[in-house]
Amino acid sequence: MAGNRSALLHRNMSAPPRAAVGGDGPYVVDAQGRRYFDGACGAAVSCLGHSHPRVAGAIAAQLNRLSFVHSDVFTNEPAEALARWLVDRTPEGFGEGAMLVLGSGSEAMEAALKLARQYWIEKGEPQRARVIARDMAYHGNTLGALAAGGHPERRKPYAPLLIDVGRIPACHAYRGQAEGESLEAYGARMADALDDEIRRLGPETVAAFVVEPVGGATMGCVPPAPGYFERLREICDRHGVLMIADEVMCGMGRTGTLFALEQEGACADIFTIAKGLGAGFQPVSGVLASEKVVQALRDGSGLLANGHTYMSHAAACAGALEVLRVIEEDGLLARVRDLGERLRAGLEARFGDHPHVGDIRGRGLFQAFEIVEDRAAKRPFDPARRIAPRFKRAALEAGLITYPSAGGVDGRQGDHVLLAPPFISTEAQIDAMLDTCAAVLDDVLALQPA
Ligand code: PLP
């Protein structure tokens with residue numbers, strides 16, 4: 001690559017990204033030898049950092065044995081072992097035939113939506129075709145997943161291509177809780193919006209409700225209100241609607257438990273998982289379907305009406321299985337909870353009284369702070385100030401990778417910074433990341449409008 005010349009179609013054609021050439025634990029190393037602490041794991045992906053001899057070794061060994069076979073003809077040992085490992089640790093009600101292994105979060109979401117649809121066909125209720133999702137959700141960028149997503153700006157260019165999805169507000173206490181309303185009452189009100197929407201569409205037409213247990217990329221680590229998921233579960237059960245929990249970003253230990261939903265006293269009918277599953281060593285994702293869903297297929301056609309070439313990819317599965325074994329054997333879920341507390345306390349200490357930080361939120365090593373112009377009124381900055389992209393750039397200059405996003409309030413306004421450091425980070429690295437964030441925020445706020 002010479003200068004700005006590149007045969008790749010980069011996301012920003014006028015400013016191609018710098019080149020990374022190496023990974024060293026939680027650090028990414030660029031072509032100039034500069035080291036960047038990965039405070040975002042890319043986007044909540046690289047939970048074991050960027051080099052891990054055990055995972056690299058497991059993938060290399062598998063590549064030397066068998067890299068790929070088509071799932072229509074063969075199964076393979078690492079795919080079977082990965083599915084078994086996960087099913088053994090899934091909440092009750094998941095068993096034989098529960099897992100599909102795919103390549104990306106979007107692919108998993110497409111497969112989950114199609115599986116929900118197939119479930120109803122097998123059950124003899126083909127009129128159940130509607131999906132309901134939440135405002136400002138992010139479920140991926142393929143057309144089905146994007147249709148479920150609720151970010152107006154991301155949907156806009158493709159709107160004519162998207163299926164019509166029922167919509168309810170997200171449960172986002174900082175933005176939605178009314179004056180004098182308890183968190184529990186707010187959660188119940190937001191859950192009841194699902195009941196209203198199912199009734200509006202006609203319960204006999206609704207196939208599935210899709211929800212991120214902790215709202216990720218678009219809203220910035222928004223945890224559910226207490227009791228919200230239990231009530232959602234009751235509502236889904238009342239109307240026979242399947243609940244799909246999109247744990248692509250918040251799952252696989254990121255919030256301190258293997259599944260984020262474990263903390264909510266409710267279970268989904270279908271889970272999607274991705275990012276932390278492969279930890280970036282291989283592209284891999286999964287769909288886990290409950291026994292109820294799988295049994296309907298078994299009793300019906302006995303066939304999965306969906307497929308992709310790279311399903312159950314042997315090398316990807318070997319990598320994912322090793323990632324999960326490392327998380328378990330090295331006690332990293334407890335580590336996420338401990339470091340998560342430190343991260344949260346550090347955010348509170350630095351930004352709790354900051355005049356331009358309106359909210360600090362998240363779970364485990366999945367935390368965000370929202371930057372506002374007026375803290376009392378919760379008023380976001382004018383998007384022309386470009387706070388989020390400027391933060392990202394300034395942090396990178398300071399050797400820190402973060403995941404800031406703009407538009408988290410309504411698709412256009414709002415700035416937050418998402419932090420999702422590796423599970424293998426040290427206390428000192430977490431503290432240094434927070435110090436850098438504090439200094440960068442002050443620098444960015446001092447900049448004049450772009
Ligand atoms: N679902 C959620 C909750 C996500 O955060 C993402 C990606 O950020 C996706 C789905 C899509 O995953 P991918 O980018 O791997 O297709």
Side-chain angles (χ1 to χ4, degrees), residues 11 38 40-47 100-116 131 133-151 153-155 158 162 165 170-172 208-224 229 243-255 259-261 268 270-288 308 310-311 313 316 319-320 323 362-368 388 392 401-408 416-420:
R11 289 178 184 229
D38 195 351
C41 284
V45 174
S46 309
C47 58
L100 276 172
V101 185
L102 299 136
S104 71
S106 299
E107 231 179 20
M109 281 309 303
E110 298 289 333
L113 294 169
K114 284 183 171 168
L115 193 55
V131 171
R134 305 195 308 170
D135 288 336
M136 290 305 295
Y138 187 63
H139 296 298
N141 249 336
T142 49
L143 292 176
L146 188 63
H151 191 288
E153 294 300 306
R154 293 188 194 191
R155 294 168 53 91
Y158 308 102
L162 302 180
V165 165
C171 182
H172 187 350
F209 167 58
V210 48
V211 55
E212 293 167 84
V214 180
T218 42
M219 288 189 290
C221 303
V222 174
F229 268 95
M243 187 197 288
I244 301 174
D246 179 352
E247 298 217 1
V248 164
M249 198 169 199
C250 62
M252 299 298 99
R254 180 53 60 191
T255 64
F259 293 88
L261 212 48
I270 299 176
F271 286 95
T272 55
I273 52 177
K275 297 170 184 279
L277 173 64
F281 294 100
Q282 291 278 284
V284 61
S285 67
V287 175
L288 288 155
H308 294 275
Y310 293 126
M311 264 163 65
H313 191 280
V323 167
R363 290 268 167 85
L365 284 180
F366 195 47
Q367 303 276 342
K392 181 175 176 178
I401 301 165
T402 57
Y403 192 20
S405 286
H416 67 256
V417 176
L418 187 155
L419 298 172

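Computed from a predicted model, the values in this text were never measured in an experiment. As the structure lists them, so they are numbered: ligands from 1, and atoms in each ligand from 1.
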| Verdict with reasoning, L418 to M249, per side chain to side chain contact (heavy atoms under 4.5 Å, CB included) | CA-CA 12 Å; L418 187 155; M249 198 169 199; 4.2 Å; yes
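- Between the side chain of E212 and the backbone N or O of Y138, at least one donor-acceptor pair lies under 3.5 Å.
- For E247 (side chain) and F271 (main-chain N/O), no donor-acceptor pair under 3.5 Å exists by modelled atom type.
- Residue K275 holds its NZ atom at 10.0 Å from OG of S46, rounded to the nearest 0.5 Å.
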May I have every N or O pair linking ligand 1 to the protein at under 3.5 Å, one per line with atom names and distance?
{"from": "ligand 1", "atom 1": "1 (N)", "to": "D246", "atom 2": "OD1", "distance (Å)": "3.2"}
{"from": "ligand 1", "atom 1": "1 (N)", "to": "D246", "atom 2": "OD2", "distance (Å)": "2.7"}
{"from": "ligand 1", "atom 1": "8 (O)", "to": "K275", "atom 2": "NZ", "distance (Å)": "2.9"}
{"from": "ligand 1", "atom 1": "12 (O)", "to": "S106", "atom 2": "N", "distance (Å)": "3.4"}
{"from": "ligand 1", "atom 1": "15 (O)", "to": "G105", "atom 2": "N", "distance (Å)": "2.8"}
{"from": "ligand 1", "atom 1": "16 (O)", "to": "S106", "atom 2": "N", "distance (Å)": "2.8"}
{"from": "ligand 1", "atom 1": "16 (O)", "to": "S106", "atom 2": "OG", "distance (Å)": "2.5"}

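- A donor-acceptor pair under 3.5 Å is formed between the side chain of T218 and the backbone N or O of M136.
- With sequence neighbours excluded, the residues that form a ring pair (Phe, Tyr, Trp, His ring centres under 6.0 Å) with Y310 are F68.
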